[in-house]
Amino acid sequence: MNPRLAFLTGGRVLRQIKADPRTVGLLVVVPCVLMGLLAWMYHGTPIFDLIGAALLGVFPFVVMFVVTSVATLRERTSGTLERLLTTPLGKADFMIGYAIAFGIAAVVQAVVAAAFAVWVCGLSIAGALWVLILVAVLDAVLGMAFGLLASGFARTEFQAVQFMPALVLPQVLLCGLLVPRDQLPDVLRWLSDVLPLSYAVDAMQRVTTSADVAGDLVSDVLVILAWIVASLLLGSLTLRRRTP
Amino acid sequence: MKNGDVAIDVSGLTVRRGGRRVLHGVTVAVPAGQVVGLLGPSGGGKSTLIRAVVGVQVVESGAVTVLGSPAGSPQLRRRVGYVTQSPSVYADLTVRENVRYFGSLVGADQSAAEEAIALVDLGSHAEVRVQNLSGGQRSRASLAAALVGRPELLVLDEPTVGLDPVLRRDLWALFSRLAAEGRSLLVSSHVMDEATRCDRLLLLRNGRILADTTPDGLLAETGAADAESAFLALIEREVAA
């Protein structure tokens with residue numbers, strides 16, 4: 001592993017993102033529009049406070065998943081990945097480079113969306129705003145790491161895009177947003193105990209409902225971090241220097 | 001690398017792709033410090049042989065030694081420059097951003113990037129995004145991204161395809177200059193006329209080496225007037241045998 005090469009690669013990916021202002025706009029604006037829509041729909045009811053924060057964890061996860069899986073797939077199909085793997089750049093450097101670049105994009109996205117939810121939409125949170133933002137950032141980074149992993153199993157852009165409904169929607173269904181996780185049938189509850197988005201949503205809900213949930217929040221965050229690291233490691237295994 | 005040394009040594013290389021054998025026990029040596037042309041029709045195994053040399057091809061059997069190390073070894077990654085058949089540069093970045101990035105991976109600084117851009121004559125297009133370049137300019141940008149690290153061995157898969165005659169002549173002149181500096185080049189092409197621009201020729205057809213010779217040797221051996229008819233003569237001889 002060579003951190004310098006990982007940073008150089010991260011810088012290059014950031015330059016690519018910057019070269020596409022419409023993507024930057026969509027990354028930042030779409031979660032805000034969705035939050036605003038939700039606040040408007042549930043105007044005058046307590047529901048926005050209940051699910052607003054949870055969805056603040058879901059939106060960045062979904063958006064970063066799609067953007068990252070398509071970006072890395074493009075690298076595979078354009079031949080640039082084959083070329084990169086003949087240079088001193090290691091597979092881990094490649095993955096970490098992408099994680100750095102999209103991690104920074106995720107930070108910007110999560111900060112803007114969380115600030116918009118609290119200050120514009122009036123989302124009331126019991127905990128500190130910075131904790132909300134921190135968890136939102138982690139959720140976005142989780143989506144990115146998951147997208148990197150998924151792109152390893154896609155051969156075409158069509159497949160990559162369809163991994164969204166295949167791998168992300170079931171997590172949204174089982175994360176406790178529709179039916180509280182402890183009321184799910186046993187098998188589904190076990191499944192939701194394993195899936196990373198459940199912890200992302202749990203953590204967001206803890207921040208909104210109580211100012212003092214340090215222990216549970218920390219364990220949620222640790223599970224999310226473990227999933228991020230595992231996805232990046234597994235993702236780098238899907239990079240093959242030699243291909244048939 | 002001294003003259004007379006071997007840059008690439010391939011022995012008994014057999015490769016299967018998609019259930020079909022595309023290289024049948026190829027054995028060949030590419031001398032150092034020369035421009036060696038890898039010629040033959042499309043689908044004959046040129047790209048597969050090139051991919052094996054840069055170490056990205058899964059091989060069934062045989063050995064490929066490059067600059068004294070097994071193909072694809074970590075110690076070769078700074079010493080070998082590879083240009084894929086379709087331009088493998090980032091379409092959304094400028095020529096300069098691309099060349100600087102690929103250069104930075106092999107420890108080349110920004111002045112090396114400017115030099116490489118000038119070598120392929122893209123100085124006036126350095127700030128243009130690759131997606132706004134013509135096909136020929138794109139492939140030259142891709143070439144610059146390989147030249148930037150001043151590799152000892154350049155492996156180029158059809159670098160002149162689709163270029164106009166003037167650019168093709170300029171690029172072959174560049175290859176000769178690089179060889180004169182002591183660099184080794186393996187350049188594939190399916191245009192037989194380009195054979196005359198090489199120091200040595202390898203003719204690859206149906207996954208087998210048909211000839212390993214010099215341009216003059218090829219013409220003398222077959223009695224043909226040009227490279228294309230010499231190649232046809234070799235094929236007819238093989239079919240008859």
Using non-hydrogen atoms only, which part of A/Ser78 is less than 4.5 Å away from chain B: side chain, backbone, both, or neither?
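For A/Ser78, backbone heavy atoms alone lie under 4.5 Å from chain B.
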Q. Could you state the interatomic distance from CZ (B/Arg100) to CZ (A/Arg15), rounded to the nearest 0.5 Å?
A.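 Atom-to-atom, B/Arg100:CZ and A/Arg15:CZ are 9.0 Å apart.
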When rounded to the nearest 0.5 angstrom, what distance separates OH in B/Tyr101 from CG in A/Leu84?
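The OH atom of B/Tyr101 sits 4.5 Å away from the CG atom of A/Leu84.
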Contact leader toward chain B among [options], where contacts are heavy-atom pairs under 4.5 Å:
options: A/Leu8, A/Leu85, A/Thr80, A/Asp20; value: A/Thr80
options: A/Glu82, A/Arg74, A/Arg240; value: A/Glu82
options: A/Arg4, A/Lys18, A/Glu75; value: A/Glu75

Going by side-chain contact (heavy atoms from CB on, under 4.5 Å), B/Leu105 matches just one of A/Thr9, A/Asp93, A/Asn2. Which one?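 Output: one option passes, namely A/Thr9.
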- For residues B/Ser142 and A/Arg83, is any side-chain donor paired with an opposing acceptor at under 3.5 Å?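 Yes, side-chain donor-acceptor contact under 3.5 Å.
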For A/Arg242 and B/Ala71, which heavy atoms make the closest approach, and how far apart are they?
->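 For A/Arg242 and B/Ala71, the tightest heavy-atom pair comes out as NH2-O, 3.1 Å.
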I'd like to know whether CD of A/Glu157 has more than 12 heavy-atom contacts from other residues, nucleotides or ligands below 6.0 angstrom.
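More than 12 heavy atoms, drawn from other residues, nucleotides or ligands, come within 6.0 Å of this atom.
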Only heavy atoms, only distances under 4.5 angstrom. Which residues in residues 83-96 of chain B are near chain A?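 Contacts with chain A: B/Val83, B/Thr84, B/Pro87, B/Ser88, B/Val89, B/Tyr90, B/Asp92, B/Leu93.
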**Request:** Taking heavy atoms only and a threshold strictly under 4.5 Å, list by residue number the residues of residues 39-57 of chain B that touch chain A; give 'none' if the list is empty.
**Result:**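 So far as heavy atoms go, B/Arg51, B/Val54, B/Gly55, B/Val56, B/Gln57 are the residues that approach chain A to under 4.5 Å.
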Identify which part of B/Arg16 has an atom lying under 4.5 Å from any heavy atom of chain A, answering side chain, backbone, both or neither.
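Nothing of B/Arg16, per the 4.5 Å heavy-atom cut-off to chain A.
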